[in-house]
Amino acid sequence: MADEITRRKFLERGIGVMAGAVTIGIGGVALTSIGAPAVTNKLEGKWVEAGSASDLAPDKFNPVGLVYESKDGWMEGKSKMLAYVKVSGENILALSATCSHLGCNVNIDDSTGGFKCPCHTGVYDAAGKNISGPPPKPLKKLEAKIEDGKLMINTMPKEEA
Ligand code: FES
């Protein structure tokens, strides 16, 4: 009987010790998260220099290729994207070239001023709005600005066109 009680107490203490260890572990993880910098990933976007603004033809879409370092969780590497940028006076319209259907790059359609997707004949107007074919949404807008004569584009789409 005395042996039985000792075993029970031993088990109770063991469970208590394990519960304490788990609590300390969880608390440690929580504490190390506080004050740590936010994980930077491609979802936050990144301002990328995209060449000289003087190279852009005014009042028409210019294809602009972006290559930048990206981090997605533990994955790091180079990412590429194509954008179309139109500068009209003070206004800059930058659209992601990625089709909203299955992600092919759209092409400029010189006959309409809009865009055509070569994969499944999706069509977008000059504002990037999907007007026919399978694309379910407009092309995504990108933030763009000109700083010191350089075109800067944020890689994170902000809204649909
Ligand atoms: S990927 Fe563009 S229409 Fe299908």
Is the closest side-chain heavy-atom distance between N130 and P136 below 4.5 Å? no
Compare all side-chain heavy atoms of T121 with those of V123 and state whether any distance is below 4.5 angstrom. no
Mark yes or no for whether Y84, through its side chain, and L93, through its backbone, hold a donor-acceptor pair below 3.5 Å.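 Flag not set: sc Y84 to bb L93 has no pair under 3.5 Å.
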Backbone N/O of K150 and side chain of D148: donor-acceptor pair under 3.5 Å: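 The answer is no, because no donor-acceptor pair under 3.5 Å joins these two groups.
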When you measure from the SG of C117 to the SG of C104, is the result less than 2.5 Å? no
For residues 56-65, tabulate all N or O donor-acceptor pairs below 3.5 Å that involve a side-chain atom, not counting sequence neighbours.
from: D59; atom 1: OD1; to: S88; atom 2: OG; distance (Å): 3.2
from: N62; atom 1: OD1; to: A57; atom 2: N; distance (Å): 2.9
from: N62; atom 1: ND2; to: A57; atom 2: O; distance (Å): 3.0
from: N62; atom 1: ND2; to: K60; atom 2: O; distance (Å): 3.0
from: N62; atom 1: ND2; to: V85; atom 2: O; distance (Å): 3.1

Distance check, rounded to the nearest 0.5 Å: [X] atom [atom1] versus [Y] atom [atom2]?
X: K116; Y: S132; atom1: NZ; atom2: OG; value: 9.0 Å
X: L151; Y: I92; atom1: CG; atom2: CD1; value: 6.5 Å
X: M156; Y: K46; atom1: CE; atom2: NZ; value: 15.0 Å
X: W47; Y: K145; atom1: CH2; atom2: NZ; value: 4.5 Å

Shortest non-hydrogen contact from [X] toward [Y]:
X: V106; Y: F115; value: CG2-CB, 3.9 Å
X: G133; Y: P135; value: C-CD, 3.2 Å
X: M81; Y: S96; value: CE-OG, 4.3 Å
X: T155; Y: L142; value: O-CD2, 4.1 Å

Is it the case that one hydrophobic cluster holds both L139 and L82, taking links as side-chain heavy atoms less than 4.5 Å apart, direct or via other members? yes
Do the side chains of M152 and L66 join up, straight or via other hydrophobic residues, at under 4.5 Å, putting them in one cluster? no
Walk me through whether Y124 and S100 qualify under side-chain hydrogen bond (donor to acceptor under 3.5 Å, both in side chains). CA-CA 10 Å; Y124 299 85; S100 66; 3.3 Å; yes
Name all residues meeting the side chain to side chain donor-acceptor pair (under 3.5 Å) criterion together with D109; count only those two or more places apart in sequence or in a different chain, and write none if there are none.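 Expected list: S111, T112.
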Can you run down the salt bridge (Lys or Arg N to Asp or Glu O under 4.0 Å) pairs that involve residues 76-102, sequence neighbours left out, and say none if there aren't any? E69-K78
